[in-house]
Amino acid sequence: MTHILLLGGTTEAGLLAHALADNAGLRAVYSYAGRTEAPVAQPIPVRVGGFGGVAGLVAFLREQAISHVIDATHPFAEQMSRHAVAACAEAGVPLIGFERSAWIAGPGDDWQGVPDIAAAVAALPDTAARVFLAIGRQHLAPFAAKPRHSYLVRLVDRPGSLPLPQAHVVVARGPFTTTGDIALMRAHRITHVVAKNAGGDGARAKLDAARALGLSVILIDRPALPDRQVAGSVAAVMGFLGHAADLGV
Ligand code: 3Y8
Ligand code: NAP
């Protein structure tokens, strides 16, 4: 009996959830970490919250008789992806990662690639800048080391206190538009953008806006993930499910 665990939290996971819902024969459950106050509704059953590490995920796979796992989490959700590889190997459950390609600079882009958050902080200029931190809430603290800059921070939910003293917060949920991001960056006289190389369409607007405004982008490379089977389209993932089901795995 097919019972699919879809590790979600991204635009692509939402597309897959609809494809699974349209295929009545495929029973599936969508999993959120519970990072946001009101996650987007999905057309298949949803569970929210961590599993309790690899052991907790193995227990979940067995208790729920999960037949396949699709890891459609964000490229920066490194720990979840590593846990999925380990748990599926231990439980003997087929796993496929739904990956979106990294963004590649085009004509007119002024991008500086950096390996991690610390390098992004180091890459900020010595003279005072007006920096759009479009990296969410979890990795703001390191930027407090550079208080000379003024920061614009975009978050999904209204924060309590921030680990960054001088920051103007915008609460907004993507996907975003280039027009909207141009207006936002103009209104805040942004000189630099810091972003994660997330790929996909949902967060791309700020890069197109930066190109239109001639701004520098500090782009954080995505973390390396363990080897696993991957697909780059909904069709390829559905093919994996169909093929695996045909083989009775
Ligand atoms: C909780 C689920 C959908 C999914 C939409 C995508 C697109 C819009 C763009 C900016 C960049 C950022 C951030 C971002 C985007 C999509 C996608 C994407 C970037 C939600 C969601 C959850 C999260 C978690 C949240 C993180 C944060 C990252 C904001 C829902 C809305 C910056 C990543 O406050 C927190 O703790 C938020 C944490 C992880 C990164 C961070 O470190 O703070 N996403 N984002 C998921 C869960 O609980 O499992 O609430 O509905 C999903 C989406 N956010 O279905 O349409 O697919 O990437 N999310 C980044 O890319 O840099 C915003 O502002 O320009
Ligand atoms: P992470 O650091 O890789 O994972 C930390 C822990 O959160 C995991 O070990 C797991 O807890 C739990 N977790 C993460 N994703 C989960 C999911 N989909 N379902 C159930 N538990 C999950 O994760 P993250 O980077 O904070 O991302 C959290 C969520 O936000 C994911 O759904 C991701 O797709 C989404 N998201 C992240 C980003 C980003 O920039 N990181 C951007 C957009 C969306 P246990 O160990 O207890 O199992």
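Start at 1 and go down the list; that is how both ligands and their atoms are numbered. Count residues from 1 along the sequence.
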> Would you say the side chain of Arg47 lies within less than 4.5 Å of the side chain of Tyr30, judging by non-hydrogen atoms?
Replying inline: no
> Any side-chain heavy-atom pair from Val114 and Val194 closer than 4.5 angstrom?
Replying inline: no
>> Going by the rule salt bridge (Lys or Arg N to Asp or Glu O under 4.0 Å), which residues pair with Arg173 if we only count those two or more places apart in sequence or in a different chain?
In response: none
Would you mind running through ligand 2 and noting each atom that sits below 4.0 Å from a heavy atom of [X]?
{"X": "Ser31", "answer": "17 (C), 18 (N), 19 (N), 20 (C)"}
{"X": "Arg47", "answer": "20 (C)"}
{"X": "His83", "answer": "9 (O), 46 (O)"}
{"X": "Gly8", "answer": "18 (N), 31 (C), 32 (O), 33 (C), 34 (O)"}
{"X": "Gln79", "answer": "3 (O), 4 (O), 5 (C), 6 (C), 8 (C), 9 (O)"}
{"X": "Gln138", "answer": "26 (O)"}
{"X": "Gly53", "answer": "45 (P), 46 (O), 47 (O), 48 (O)"}
{"X": "Lys196", "answer": "39 (C), 40 (O), 41 (N)"}

Okay, side chain of [X], backbone of [Y]: is any donor-acceptor separation there less than 3.5 Å?
{"X": "Thr10", "Y": "His74", "value": "no"}
{"X": "Arg228", "Y": "Ile96", "value": "no"}
{"X": "Lys146", "Y": "Val121", "value": "yes"}
{"X": "His149", "Y": "Pro125", "value": "yes"}
{"X": "Arg62", "Y": "Gln64", "value": "no"}
{"X": "Trp111", "Y": "Leu207", "value": "no"}

>> Determine whether Asp181 and Arg154 satisfy the following criterion, salt bridge (charged side-chain N to carboxylate O under 4.0 Å, His left out), listing intermediate values before the conclusion.
In response: CA-CA 11 Å; Asp181 279 359; Arg154 179 152 66 186; 2.8 Å; yes
Starting from [atom], find the nearest protein heavy-atom neighbour and note its residue, name and distance.
{"atom": "atom 11 (O) of ligand 2", "result": "Gly50 CA, 3.6 Å"}
{"atom": "atom 48 (O) of ligand 2", "result": "Phe51 N, 2.7 Å"}
{"atom": "atom 23 (O) of ligand 2", "result": "Ala77 CB, 3.8 Å"}
{"atom": "atom 26 (O) of ligand 2", "result": "Arg35 NH2, 2.7 Å"}
{"atom": "atom 47 (O) of ligand 2", "result": "Gly52 N, 2.9 Å"}
{"atom": "atom 21 (N) of ligand 2", "result": "Gly49 O, 3.4 Å"}

> In chain order, what residues pass the ring-ring contact (aromatic ring centres under 6.0 Å, His included) check against Phe98, with sequence neighbours excluded?
Replying inline: none
>> Counting neighbours of CG on Asp201 that are heavy atoms of other residues, nucleotides or ligands and sit closer than 6.0 Å, is the number greater than 12?
In response: no
Show me, pair by pair, the donor-acceptor contacts under 3.5 angstrom made by side chains of residues 210-221, not counting sequence neighbours?
unit_1	atom_1	unit_2	atom_2	d
Arg211	NE	Asp109	OD1	2.8
Arg211	NH2	Asp109	OD1	3.4
Arg211	NH2	Asp109	OD2	3.3
Ser216	OG	Asp110	OD2	2.7

>> Check for me whether Gly56 has a heavy atom closer than 4.0 Å to any atom of ligand 2.
In response: no
> Thinking salt bridges, do Asp71 and Arg82 make one under a 4.0 Å N-O criterion?
Replying inline: no
>> Which option wins on minimum heavy-atom distance to atom 17 (C) of ligand 2: Ala33, Ala198, Gly9?
In response: Ala33
> Taking atom 4 (O) of ligand 2 as the point of reference, which of Met80, His139, His74 owns the nearest heavy atom?
Replying inline: Met80
>> The test is side-chain contact (heavy atoms from CB on, under 4.5 Å); show your working for His168 and Tyr151 and say whether it passes.
In response: CA-CA 6 Å; His168 178 94; Tyr151 292 102; over 6 Å; no
>> Can you tell me which portion of Glu78 lies within the under-4.0 Å heavy-atom range of ligand 2? Options are side chain, backbone, both, or neither.
In response: backbone
If you look at each N/O of ligand 1, which protein N/O atoms lie under 3.5 Å away, and at what distance?
unit_1	atom_1	unit_2	atom_2	d
ligand 1	34 (O)	Arg137	NE	2.9
ligand 1	34 (O)	Arg137	NH2	3.2
ligand 1	36 (O)	Arg137	NE	3.3
ligand 1	36 (O)	Arg137	NH2	3.0
ligand 1	42 (O)	Gln138	NE2	2.8
ligand 1	42 (O)	Lys196	NZ	3.2
ligand 1	43 (O)	Arg137	N	2.7
ligand 1	43 (O)	Gln138	N	3.2
ligand 1	48 (O)	Ala33	N	3.3
ligand 1	48 (O)	Gly34	N	2.9
ligand 1	48 (O)	Arg35	N	2.8
ligand 1	49 (O)	Ala33	N	2.6
ligand 1	50 (O)	Thr36	OG1	2.6
ligand 1	50 (O)	Arg173	NH1	2.7
ligand 1	50 (O)	Arg173	NH2	3.3
ligand 1	51 (O)	Val40	N	2.8
ligand 1	51 (O)	Arg173	NH1	2.6
ligand 1	57 (O)	Thr11	N	2.7
ligand 1	57 (O)	Thr11	OG1	3.0
ligand 1	57 (O)	Arg100	NH1	3.0
ligand 1	58 (O)	Arg100	NH1	3.4
ligand 1	58 (O)	Arg100	NH2	2.9
ligand 1	61 (O)	His74	NE2	2.9
ligand 1	64 (O)	Arg154	NE	2.8
ligand 1	65 (O)	Arg154	NH2	2.7
ligand 1	65 (O)	Lys206	NZ	3.0

